[in-house]
Amino acid sequence: LVEIPYTRYSSSSDNYYCIDDIIATCEKIPSKVEQPLFRLGFLDPSTDNTTIQPGTKLELPFWLASSLCTRRRRLVSVDMPKTYKDSFREILKADANVVDLHKIGPYYYSFGSKLLHFDHPEIGDIADSLLQGFISRFRRIMDSSQNAYNEDTTHLTCKLDESERCVFKAGQKGLDDFQRWQTG
Amino acid sequence: MFGEKALELIRELHRSTEGVLPPFNDEGIRQVLEEMRSLYEQNQADVSATVAGEQGLFSGVQLRHASLERDKRCLLAYLYNRLQKIRNMRWEFGSVLPADIKTNMSEQEVQWFTKYNKCLANYMRRLGDSGLDLTQDMQPPKS
Amino acid sequence: ENLETHLKNVTLRHMPRNLQSIDKDKTAPR
């Protein structure tokens, strides 16, 4: 009956009606055309041709790329976005807490999980990176959400991605409930 | 790109704060349904052409079908999430919603709300000996 | 039932024929 943030977070992956999930799937993914796309020239604003030739590079939203890159028929192939590639993963590994995940993509974990849908050599490393990144940052999120009572928390949440903000909000709610119980 | 109008509906709902119901976007829904109709007709034409022997049209059919599914998902999610907000308002405000909320509801949403009220009332009437209003005392009384 | 009726009346019945049903497996909350 009451919107519980962590429920929204835990159910955001692949939940059909979830607004966050729909927005996350708009994120663009670098793609390469593998077969001629007849009469679909409008997808490539750099050309006047009506057909997109194999080899053309495009940035397609995830929801479209995942439909065009299936095991049965690969009309396009995909590459991982820069913020999930090796160089960025190293930054996250070095010190995940300093990274502004909200600026990079407000749905960093959610979108990253969706990338695992593709058959790509870096998938295993990306999965590890997402998990380790979340674990590294979680402690600070938990601590700050449990200690910031009745104050402006913008500086604590500005660099968090949306999933982390839900976790922070859940922590704040717990703190608030405890304070209310203490004061009767 | 296809799906932009549908996404606008979703973003509109996403921007609205908790507990606030934005006005029902009839025109937005109409435009998305219009896009779906157009995509479907183009697909019908391509499928017929493929049956007649033309090659290479499958990629367009696949892309348009993905766009149709996307539009459908956005529309259903828009309606579903609005109903969730309205449902929560029932528990917050009671069976009579404030006038400023009602003006933002579509006629079908008002009908949905009426049916929801009835379901809830029927359910609560069956509880205990003489029924129980579950929407009262949502927080435990201090005593 | 109330939800399904609403979705059907507002949008589904105006969609192309092959898209008018709700796939319950796909739309069930995870």
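So that the names make sense, note that chain A is the first sequence line, chain B the second, and so on, each numbered from 1.
Looking at residues two or more places apart in sequence or on another chain, you find a side-chain contact (heavy atoms from CB on, under 4.5 Å) between B:Leu132 and B:Leu127, B:Leu134. In this view, B:Pro23 and B:Asn104 satisfy the side-chain contact (heavy atoms from CB on, under 4.5 Å) rule, not counting sequence neighbours. Listed by chain and number, the residues in a side-chain contact (heavy atoms from CB on, under 4.5 Å) with B:Ala121 are B:Arg125 (sequence neighbours excluded).
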Compile the donor-acceptor pairs, distance criterion under 3.5 Å only, formed between chain B and chain C.
| residue | atom | partner | partner atom | Å |
| --- | --- | --- | --- | --- |
| B:Lys72 | NZ | C:Leu19 | O | 3.0 |
| B:Lys72 | NZ | C:Ser21 | O | 2.6 |
| B:Trp112 | O | C:Asn2 | ND2 | 3.2 |

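Most heavy-atom pairs under 4.5 Å with chain C: of the set B:Leu68, B:Ile29, B:Leu79, this distinction falls to B:Leu79.
With a 4.5 Å cut-off on non-hydrogen atoms, B:Leu76 touches chain C through its backbone and its side chain both. There is no contact between B:Phe113 and chain C, counting heavy-atom distances below 4.5 Å.
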